[in-house]
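Working notes, beginning with the structure itself.
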Number of protein chains: 2
Amino acid sequence: MAPDSFIEEIQQKQKIHDETSALTRYEVPLVTVDVVLFTVQDSRLKVLLIQRKSDPFIHSWALPGGFIHIGEHLVEAAKNRLAEETSVTDVYLQQLRAFGKANRDPRGRVITVGFYALVSAERLRPEAHANAEHLDWHCVTELPELAFDHRLIVDTALDTLEAHLETTPIAYQLLPKKFTLTELQRVYELIKEKQLDKRNFRKKIMASGMLKDTGETKMEGYHRPAQLYSFADTELKVMHAQPV
Amino acid sequence: MAPDSFIEEIQQKQKIHDETSALTRYEVPLVTVDVVLFTVQDSRLKVLLIQRKSDPFIHSWALPGGFIHIGEHLVEAAKNRLAEETSVTDVYLQQLRAFGKANRDPRGRVITVGFYALVSAERLRPEAHANAEHLDWHCVTELPELAFDHRLIVDTALDTLEAHLETTPIAYQLLPKKFTLTELQRVYELIKEKQLDKRNFRKKIMASGMLKDTGETKMEGYHRPAQLYSFADTELKVMHAQPV
DNA sequence: TGAATAGTGTCTTTCAGACAATATGCC
DNA sequence: GGCATATTGTCTGAAAGACACTATTCA
């Protein structure tokens, strides 16, 4: 091979233009993060999806995410890619696991670290949607076909979320700061996908000591107003800094 | 820069000699797998560690593991690196999660996917130790200082193992095919780090339907022989192929 | 007073945990 | 018989689950 064309080829390879060139350049697996962001809207559990603008899977829906930069901790990478792609910040983030089937990305070898995130509808800035035509919330029960193995990641997130619900006070991450017991029960019912008994639910929640009565009430419609509660442990409210 | 030296430099960069050159070559995070291999020996829960022969952390103890090859699924990579470094094969493998603090490897940006593995002492070939002077089992209660963030990975593995013990029949992975109820109870006690009541333990285990009475007995010492059991679900005995 | 949701208590069943005596084998 | 471990059942307390009526607000 002539030195000139060889240099050219090498120089070409050395330059990263976009995701695809990064993928073909190296002989090592690349690493991305993908975030399954949940919220509750209109009494439905929803996931934020982005419609892809490029191949592969052009026009398909996919999870927000992207490549990890060289100096970023994993959680930071997840936060940053989510913020860049969706303008959503200050979410509760938890790692699921790594997803690394050798053929999960047709462009090359890409391992992704999946996260789930929770955000309450009230914390969502409407601007996040304004500039992003190809970004939308989808009910977890009516998901479109997803790009890559993102369906597996979403399903893993749903299972993990349900398991965490029983062991960790995370449901409030999907609610406003002050909420009624009925609203809290709705969140549990949506995640567990089954109806719960009102008396048993309240008995259990109140016994757990998670909640603090704010003394305020909430009127909505022509009926008895409901007590408003907040989560008792303010320590738990700060974003969970997990070791990664 | 003269073309010749440029080509030379590029060619140099293109060649991966060892882990360190791979680490300095790329501007992207690299990915490894690390395996926390547990076994029960002499009534102790032990972890397999390797003494490092090179910097960083030279002479420190570390988990078996290594770089993921371009075509390997994650689990395959874990199996292969474990086999290469320790000659141990046919283990039960389960992913923990990705560990990716930006500074966890002083050589550069390395993200590792942690696994835990279970192997029964009887399945361990003695040869695995013969050729490997720098490879040894360590009691989980008396671990030396570990390289990198491997202590965090081991602690995560212990927590995960304990959690899985309650939800999945995995304890038999640490036992011979046929075992006594007392032996099974020892495994539970070692992992949970507390003593269990013999009657309550047997009641629960037998109620779960996990076990099958082999009809055989085991004599050991001058006392009543114990019944030998095996795990009932042969499906569960095959190595668990998880989606990655 | 009618409509709509908030709020509350009892009974039953199930599961976890404390607890001790008998059985079997070999010396 | 003595020794060592295997094997077995009852009682109690806690938590989960089934179940129905009263309270409050406004039109």
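The chains referred to below are lettered A, B, ... by the order of the sequence lines, with proteins before strands, and numbering in each begins at 1.
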What nucleotide among dT8(D), dA23(C), dC19(C) has an atom nearest to a side-chain atom of K198(B)?
-> dT8(D)
State which of dG7(C), dT25(D), dA16(D) makes the closest approach to the side chain of K204(A).
-> dA16(D)
Nearest-angstrom distance from the residue atom [atom1] of [X] to [atom2] of [N]:
{"X": "L196(A)", "N": "dA18(D)", "atom1": "CG", "atom2": "C1'", "answer": "13 Å"}
{"X": "F201(A)", "N": "dT5(C)", "atom1": "CZ", "atom2": "P", "answer": "18 Å"}
{"X": "D197(B)", "N": "dT8(D)", "atom1": "CG", "atom2": "P", "answer": "14 Å"}
{"X": "R224(A)", "N": "dC21(D)", "atom1": "CZ", "atom2": "C1'", "answer": "13 Å"}
{"X": "L184(A)", "N": "dG7(C)", "atom1": "CG", "atom2": "P", "answer": "12 Å"}
{"X": "D213(A)", "N": "dA6(C)", "atom1": "CG", "atom2": "P", "answer": "15 Å"}
{"X": "H223(A)", "N": "dT5(C)", "atom1": "NE2", "atom2": "P", "answer": "6 Å"}
{"X": "N200(A)", "N": "dA20(D)", "atom1": "CG", "atom2": "P", "answer": "13 Å"}

Does R202(B) put a side-chain nitrogen or oxygen below 4.0 Å from OP1 or OP2 of dT7(D)?
-> yes
Between R199(A) and dG7(C), does any side-chain N or O lie under 4.0 Å from OP1 or OP2?
-> no
On DNA chain D, nearest-nucleotide positions of L181(B) versus M219(A): which is more 5'?
-> L181(B)
Touch check for Q227(B), heavy atoms < 4.0 angstrom, all strands: base, sugar-phosphate only, or nothing?
-> sugar-phosphate
Classify the nucleic acid contact of T182(B) as base, sugar-phosphate or nothing, counting any heavy atom under 4.0 Å across all strands shown.
-> sugar-phosphate
Answer with yes or no whether the side chains of Y229(A) and Q227(A) bring together a donor and an acceptor at under 3.5 Å.
-> no
Return each pair, listed once, that meets ring-ring contact (aromatic ring centres under 6.0 Å, His included) where at least one residue sits in residues 192-215 of chain B; pairs must be two or more places apart or across chains.
-> Y188(B)-F201(B)
Quick one: on DNA chain C, does R186(A) or Y222(A) contact a more 5' nucleotide (nearest heavy atom)?
-> Y222(A)
Could a donor-acceptor pair under 3.5 angstrom be found where the side chain of K203(B) meets the base of dG17(C)?
-> yes
Ring centroid separation for F179(B) and Y172(B), is it under 6.0 angstrom?
-> no
Check whether the ring centres of F38(B) and Y92(B) lie less than 6.0 Å apart, and answer yes or no.
-> no
What closest approach, in Å, do L74(A) and A98(B) show between heavy atoms, and which atom pair accounts for it?
-> CD1-CB, 3.8 Å
